[in-house]
Amino acid sequence: MDVFKRLATWLGITNKKATVLCVGLDNSGKTTVINHFKPPQTKSEEVVPTIGYSVEKFLISRISFTVFDMSGQGRYRNLWEQYYPETEAVIFVIDSSERLRLEVAREELHALLEHPVIKQKRIPICCLANKKDLKDALSDVEIADKMELAEIADDKPYNIFATNARTGEGLDMAMDWLSEQIMTIK
């Protein structure tokens, strides 16, 4: 069996593995985003708020993702940093219709980026401006400005995508970008 593994690796047909942290404020749509990528037989019909964290695994673009879906409630956000050492990419979900909470989301994103463990890593940051279908939603460009994404360090490739996690709109493009970044960095 070891011979087949080596041959597959040499031919470049093995799956890479990536540990991804999915964070953002509560009710931003993190669990709904992750549910979109789960195999059909494991998708949840009803998505409930995450308490603490949950772990999901799925395969996209020959990358085996292990995604930690972290609770965004204020009392649980301090748990995020316990997963930073293993983190190889970050998905930061933003409710683009929650104008009043954008400042809190910005502070949380920049606190994550300034954490010593994350600061020393070259990891991609995929921001999802979720709930783009809602009437009061800001555009991804407006969200990028308010979140001060231009200030992200040069060693952290980042991008923002307008998404609707309920319909899946924009999610595949975001994960394609993230997969490409992971393949480039790893």
Side-chain angles (χ1 to χ4, degrees), residues 18-38 44 47-54 56 60 65 67-81 83-84 87-115 118-119 121 123-153 156-182:
T19 301
V20 178
L21 195 61
C22 185
V23 293
L25 301 185
D26 52 304
N27 201 35
S28 59
K30 299 176 297 296
T31 303
T32 306
V33 165
I34 293 168
N35 193 51
H36 174 77
F37 294 106
K38 290 167 55 175
S44 302
V47 176
V48 296
T50 303
I51 304 298
Y53 73 95
S54 67
E56 299 295 343
I60 298 175
F65 285 92
V67 181
F68 288 87
D69 176 10
M70 305 301 295
S71 176
Q73 296 175 8
R75 66 178 172 246
Y76 295 112
R77 289 184 210 140
N78 62 341
L79 295 175
W80 297 0
E81 67 184 58
Y83 298 87
Y84 293 170
T87 299
E88 297 170 298
V90 172
I91 298 172
F92 197 94
V93 184
I94 304 148
D95 181 341
S96 58
S97 70
E98 273 284 346
R99 296 169 188 251
L100 295 175
R101 294 183 41 173
L102 277 176
E103 178 65 22
V104 177
R106 185 192 62 75
E107 289 171 4
E108 291 296 340
L109 173 62
H110 287 275
L112 177 149
L113 294 169
E114 288 300 315
H115 190 279
I118 295 292
K119 199 169 186 167
K121 291 183 172 191
I123 60 173
I125 311 295
C126 182
C127 294
L128 304 180
N130 197 30
K131 302 184 183 183
K132 74 177 205 156
D133 57 311
L134 298 182
K135 181 182 170 196
D136 294 332
L138 295 172
S139 72
D140 53 342
V141 173
E142 292 170 307
I143 296 286
D145 182 53
K146 294 200 180 298
M147 294 291 291
E148 299 176 355
L149 296 184
E151 293 181 17
I152 294 177
K156 309 254 184 308
Y158 71 91
N159 207 337
I160 186 166
F161 299 88
T163 62
N164 178 344
R166 288 184 188 256
T167 65
E169 189 177 354
L171 294 179
D172 292 330
M173 188 183 320
M175 286 304 282
D176 287 346
W177 177 86
L178 188 61
S179 297
E180 185 179 304
Q181 297 304 312
I182 289 169

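Keep in mind the model is a prediction, meaning the values are calculated, not measured. When a residue number appears, it is its place in the shown sequence, counting from 1.
Taking OG of S97 as the start and CD1 of I143 as the end, the distance is 8.5 Å to the nearest 0.5 Å.
Relative orientation of the Y84 and H115 rings is perpendicular, given thresholds of 30° and 60° on the angle between their planes. Ring geometry, F92 versus W80: the interplanar angle exceeds 60°, so the pair is classed perpendicular (tilted spans 30 to 60°).
Listed by chain and number, the residues in a ring pair (Phe, Tyr, Trp, His ring centres under 6.0 Å) with F65 are F58 (sequence neighbours excluded). Take N35 and apply the side chain to side chain contact (heavy atoms under 4.5 Å, CB included) test, not counting sequence neighbours, and it matches K38, K43, S44, V47. Not counting sequence neighbours, D145 has no partner by the side chain to side chain contact (heavy atoms under 4.5 Å, CB included) test. Considering only residues two or more places apart in sequence or on other chains, K131 meets the salt bridge (charged side-chain N to carboxylate O under 4.0 Å, His left out) condition with D95. Checked against side chain to side chain contact (heavy atoms under 4.5 Å, CB included), R99 has the following partners two or more places apart in sequence or in another chain: D136, L138. Residues satisfying the side chain to side chain donor-acceptor pair (under 3.5 Å) test with E56, not counting sequence neighbours, are none. Under the rule for a salt bridge (charged side-chain N to carboxylate O under 4.0 Å, His left out), E98 has no partner lying at least two apart in sequence or in another chain. Among residues two or more places apart in sequence or in another chain, the salt bridge (charged side-chain N to carboxylate O under 4.0 Å, His left out) test is passed with K119 by E114. The ring pair (Phe, Tyr, Trp, His ring centres under 6.0 Å) search around Y158 returns none, not counting sequence neighbours. For S54, there are no side chain to side chain donor-acceptor pair (under 3.5 Å) partners at least two apart in sequence or on another chain. With sequence neighbours excluded, the residues forming a side chain to side chain contact (heavy atoms under 4.5 Å, CB included) with Q73 are D26, I51, S71, R75, Y76, listed by chain and number.
In this structure, the side chain of K156 engages the main chain of K121 through a donor-acceptor pair within 3.5 Å. In this structure, the side chain of D140 does not engage the main chain of A129 through any donor-acceptor pair within 3.5 Å. Side-chain N or O atoms of H36 include none that pairs as donor or acceptor with a backbone N or O of T167 at under 3.5 Å.
The local environment of OH in Y53 is sparse, with at most 12 non-hydrogen atoms from other residues, nucleotides or ligands closer than 6.0 Å.
The list of salt bridge (Lys or Arg N to Asp or Glu O under 4.0 Å) pairs with a residue in residues 157-175, not counting sequence neighbours, reads K132-E169.
Remark: the D69 side chain and the T31 side chain contain an N/O donor-acceptor pair separated by less than 3.5 Å.
Using a 4.5 Å cut-off on side-chain heavy atoms (C-beta onward), L79 and M70 make contact.
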